K.L.:
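Structure in structure tokens, see below.
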Amino acid sequence: MLYAVIVLLPLGAAIIAGLFGRLIGDRGANAVTCLAVIASAVLSIIGLAESVEGGSVERVVLFTWFESGSFTATWQLRIDALTGVMLVTVSGVSALVHVYSIGYMAHDPHKPRFMAYLSLFTFAMLSLVTADNLLQLFFGWEGVGLCSYLLIGFWYRRPAANAAAIKAFIVNRIGDFGFALGIMGVFLAFGAIDFDTIFGGAPALEGKTFSFLGLELDTLTTITFLLFLGAMGKSAQIGLHTWLPDAMEGPTPVSALIHAATMVTAGVFMVARLSPLFEYAPWTLAFVTVIGATTALMAATIGLVQNDIKRVIAYSTCSQLGYMFFAAGVSAYSAAIFHLFTHAFFKALLFLGSGAVIHAMADEQDMRKMGGLYRKLPVTYAVMWIGSLALAGVPIFAGFYSKDIILEAAFASASPVSGYAFWLGIGAAVLTAFYSWRVLFMTFHGAPRASAEVMAHAHEAPATMTAPLIVLALGAVLAGALAYEPLVGTESAFWGSALLVLPEHAVLEAAHHVPFWVKAAPTVVAVIGILAAWYMYIRSPATPARLAAAHPELYRFLLNKWYFDELYEVALVRPAKFVGYWLWRGGDGRVIDGFGPDGAAATIVRLARRASALQSGYLYHYAFAMLIGIALFVTWYIYRLGL
């Protein structure tokens with residue numbers, strides 16, 4: 001029952017901190033949630049060792065969840081190498097975020113609620129990665145969506161935070177609608193939703209079609225396309241990415257947890273888990289590749305000009321998720337999960353490091369109001385350097401190993417769109433290095449641009465915040481080198497049956513034998529990006545303003561995030577508001593209220609008021625009414641008799 005304990009410990013902590021937070025206080029909530037998630041992380045490491053040593057799939061049945069006719073869904077944990085990696089990633093990063101939150105949220109009046117939400121978020125993600133059927137996976141999928149809404153809007157008194165939470169929830173519903181249709185399609189095609197039945201039946205459905213609206217559609221292509229729509233929303237791919245930058249309205253620990261280990265990685269995990277389906281849908285794989293590569297470059301271009309330190313890192317996450325998806329699209333699923341693993345360390349490091357900067361700068365997030373902080377925040381400065389080196393893919397650091405193997409796999413792939421992915425990945429690499437060092441130089445170097453009062457009070461974060469940063473920095477340095485051979489090495493048997501790659505799609509072996517220039521290109525362009533940032537923000541700091549003035553249309557295009565929000569405002573939001581207003585005024589106001597509360601009901605009220613006016617209380621009024629009534633009755637009686 002080791003794995004059941006791993007999953008359920010954060011849930012228990014969330015219940016205790018959430019329901020009894022006032023009783024146990026801040027310290028109690030901190031202790032319960034942190035100890036539970038740390039225990040989960042330690043047990044996950046033990047579980048990973050056991051899952052790799054065993055090599056096969058282990059299942060832990062907890063209870064029967066749904067049973068209706070031929071449909072049965074059990075709550076069952078699926079443990080294999082893929083689950084083991086995800087358990088360590090999710091629980092490990094979450095444990096560090098929990099500890100960090102003790103210092104970051106120290107003065108918040110609702111800390112137990114915050115810690116409860118974090119633990120619930122962790123439980124939802126652990127439920128997702130241990131799922132053994134699509135319904136259970138969907139439970140975790142929607143659970144992380146709910147928790148993201150609660151955490152992004154945690155500071156609910158801020159209108160911007162509420163708007164960002166609603167936006168994240170609604171945009172994800174679009175993708176989740178496709179995901180739900182995909183699950184229904186799986187049940188229709190396979191008659192089951194458990195992974196063993198689905199994976200076993202997938203080869204028989206290769207090339208099979210079904211009729212829909214007079215069209216003959218490939219069954220597996222349609223199902224996998226719908227499932228990938230869910231991944232596009234959850235993992236913020238182009239078109240459904242607009243919620244991710246706005247999620248920065250939540251507290252910084254939330255940003256780190258969402259972007260590094262939980263919600264946004266769910267889509268990548270889902271595609272890898274369902275590789276036995278995607279492998280038989282080459283058109284979907286090509287679509288995944290194009291979407292991932294386009295997202296990688298799009299987000300990197302936007303990150304070039306953003307001024308909010310957390311938003312730059314948010315767009316970096318979006319870009320790195322693009323790398324993971326185009327790796328999956330060329331069937332290099334192990335490379336995608338490898339990058340997910342290393343990315344969790346250095347992205348959490350960058351977010352929590354930026355949180356330390358914001359903490360020191362009295363909640364200021366605009367980099368234009370920073371500068372000269374390297375003397376004030378030496379530890380934060382050092383770990384931000386490490387995180388940036390890993391993100392840029394500089395040799396020795398974690399991102400170098402995982403990003404390079406993705407680009408090498410794209411180059412070696414025979415996919416018709418692999419060249420598109422490779423060159424856009426190279427372009428995104430140079431832009432990533434540039435904006436990473438733009439953040440470093442604008443934040444820590446140059447003359448201080450904050451007020452003298454803010455600079456005087458700027459100080460290093462407390463130990464509860466710096467200790468997780470140091471641990472993550474070690475991961476950002478060592479994770480790539482240590483995990484390279486087990487996860488993507490030529491002789492590795494790590495994954496076992498957890499990932500399926502058809503022989504004609506096997507690309508990882510060829511990726512190790514690409515030309516030298518392909519291996520060197522990511523490092524070369526990273527150095528070019530770093531040098532360009534040094535020149536523009538240290539050597540010649542007036543250059544960025546001159547470039548923006550010389551190319552105002554391009555600058556505004558990037559600053560306004562390719563105008564996706566404005567486009568959706570015109571094409572979707574305003575029409576929806578117009579329809580809603582019309583239904584409110586016309587349907588609800590004129591029809592329902594007009595015939596209901598404002599119509600028949602109002603008429604009855606008016607008649608009742610007039611009738612009540614007749615109740616004067618005078619005896620002679622009532623006697624007069626009785627005489628009139630008798631006269632009318634006698635008249636009617638005589639008329640009926642014909643007299």
Side-chain angles (χ1 to χ4, degrees), residues 73 78 82 86 90 121 124-149 167-190 193-195 198-199 202 217-244 247 258-259 261-281 283-292 294-295 317-318 321-322 324-329 333 336-337 340:
R78 183 184 185 90
L82 178 59
M86 293 302 298
V90 174
F121 205 165
M125 190 65 188
L126 293 176
S127 298
L128 190 156
V129 301
T130 56
D132 194 44
N133 60 68
L134 285 171
L135 188 62
Q136 188 179 337
L137 190 149
F138 192 69
F139 170 85
W141 192 272
E142 293 303 314
V144 294
L146 168 65
C147 293
S148 70
Y149 171 81
K167 185 177 183 179
F169 197 79
I170 291 175
V171 172
N172 272 275
R173 295 292 71 71
I174 298 171
D176 291 353
F177 179 70
F179 189 57
L181 288 177
I183 295 174
M184 296 174 194
V186 166
F187 183 72
L188 184 64
F190 295 92
I193 58 170
D194 64 283
F195 290 150
I198 296 168
F199 297 163
L217 302 176
D218 185 86
T219 302
L220 288 180
T221 299
T222 303
I223 288 172
T224 51
F225 176 79
L226 290 171
L227 293 171
F228 181 64
L229 284 181
M232 286 180 65
K234 198 66 70 182
S235 296
Q237 295 300 281
I238 187 168
L240 296 177
H241 70 283
T242 53
W243 68 270
L244 193 63
I258 290 177
H259 288 246
T262 54
M263 184 166 170
V264 297
T265 62
V268 180
F269 166 79
M270 184 269 288
V271 173
R273 171 60 81 201
L274 299 181
S275 57
L277 291 183
F278 281 84
E279 280 296 283
Y280 293 101
W283 285 104
T284 304
L285 286 178
F287 181 72
V288 172
T289 305
V290 171
I291 290 295
T294 307
T295 302
T317 299
C318 194
L321 288 165
M324 298 175 206
F325 274 115
F326 78 68
Y333 303 102
I337 298 300
L340 184 156

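Only a predicted model underlies this, so the values are computations on that prediction, with no experimental measurement involved. One-based numbering along the sequence shown.
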K.L.:
How long is the span from the CG atom in L340 to the OH atom in Y333, to the nearest 0.5 Å?
P.N.:
15.5 Å
K.L.:
Of all the heavy-atom pairs spanning W243 and A168, show the shortest one and how long it is.
P.N.:
CB-CA, 3.5 Å
K.L.:
Side chains of F187 and I183: closer than 4.5 Å at any heavy-atom pair?
P.N.:
no
K.L.:
Kindly compute the distance separating OG1 (T284) from CG (D218), expressed to the nearest 0.5 Å.
P.N.:
8.0 Å
K.L.:
Nearest 0.5 Å, please: how far is CH2 in W141 from CG in L134?
P.N.:
10.5 Å
K.L.:
For residues 267-277, dump all side-chain donor-acceptor pairs below 3.5 Å to protein atoms at least two apart in sequence or in another chain.
P.N.:
unit_1 : atom_1 : unit_2 : atom_2 : d
R273   : NH1    : D80    : OD2    : 2.7
R273   : NH2    : D80    : OD1    : 3.3
R273   : NH2    : T83    : OG1    : 2.8
S275   : OG     : A272   : O      : 3.1
S275   : OG     : L500   : N      : 3.0

K.L.:
How long is the gap from CG on L240 to CG on N172, to the nearest 0.5 Å?
P.N.:
8.0 Å
K.L.:
What is the minimum heavy-atom distance between I223 and A189, and which atoms define it?
P.N.:
CD1-CB, 3.9 Å
K.L.:
Looking at T130 and R78, would you say the former's side chain and the latter's main chain have a donor-acceptor pair under 3.5 Å?
P.N.:
no
K.L.:
Should the pair F228 and F287 be assigned to parallel (<30°), tilted (30 to 60°) or perpendicular (>60°) ring geometry?
P.N.:
perpendicular
K.L.:
Over all heavy atoms of both residues, which pair between V288 and F325 is shortest? Give the atoms and the distance, please.
P.N.:
CG1-O, 3.3 Å
K.L.:
Flag the pair E279 / L285 as yes when at least one side-chain heavy-atom distance between them is below 4.5 Å, and no otherwise.
P.N.:
yes
K.L.:
Spell out, as yes or no, whether a donor-acceptor pair under 3.5 Å connects the side chain of T224 to the backbone of T221.
P.N.:
yes
K.L.:
How far apart are the closest heavy atoms of L137 and L128, and which atoms are they?
P.N.:
O-CG, 4.0 Å
K.L.:
In a table with atom names and distances, give each donor-acceptor pair under 3.5 Å that connects a side chain of residues 142-149 to protein atoms at least two apart or in another chain.
P.N.:
unit_1 : atom_1 : unit_2 : atom_2 : d
E142   : OE1    : R173   : NH2    : 2.8
S148   : OG     : V144   : O      : 3.4
S148   : OG     : G145   : O      : 2.6

K.L.:
Test of understanding: with side chain to side chain contact (heavy atoms under 4.5 Å, CB included), list the residues that count as partners of T222, not counting sequence neighbours.
P.N.:
F210, L217, L226
K.L.:
How long is the straight-line distance from CZ of F199 back to CZ of F190, given to the nearest 0.5 Å?
P.N.:
9.5 Å
K.L.:
Can you give me the closest heavy-atom contact between L244 and A236, atom names plus distance?
P.N.:
CD2-CB, 3.7 Å
K.L.:
Restricting to non-hydrogen atoms, name the atom on C318 and the atom on H241 that form the minimum distance, rounded to 0.1 Å.
P.N.:
SG-CB, 4.0 Å
K.L.:
Are the side chains of K234 and D176 in contact, using a 4.5 Å heavy-atom criterion?
P.N.:
yes
K.L.:
Rounded to the nearest 0.5 Å, how far does CG of L188 lie from CD1 of I193?
P.N.:
13.5 Å
K.L.:
Judged by atom type as modelled, is there a donor-acceptor pair below 3.5 Å linking the side chain of T295 to the main-chain atoms of I238?
P.N.:
yes
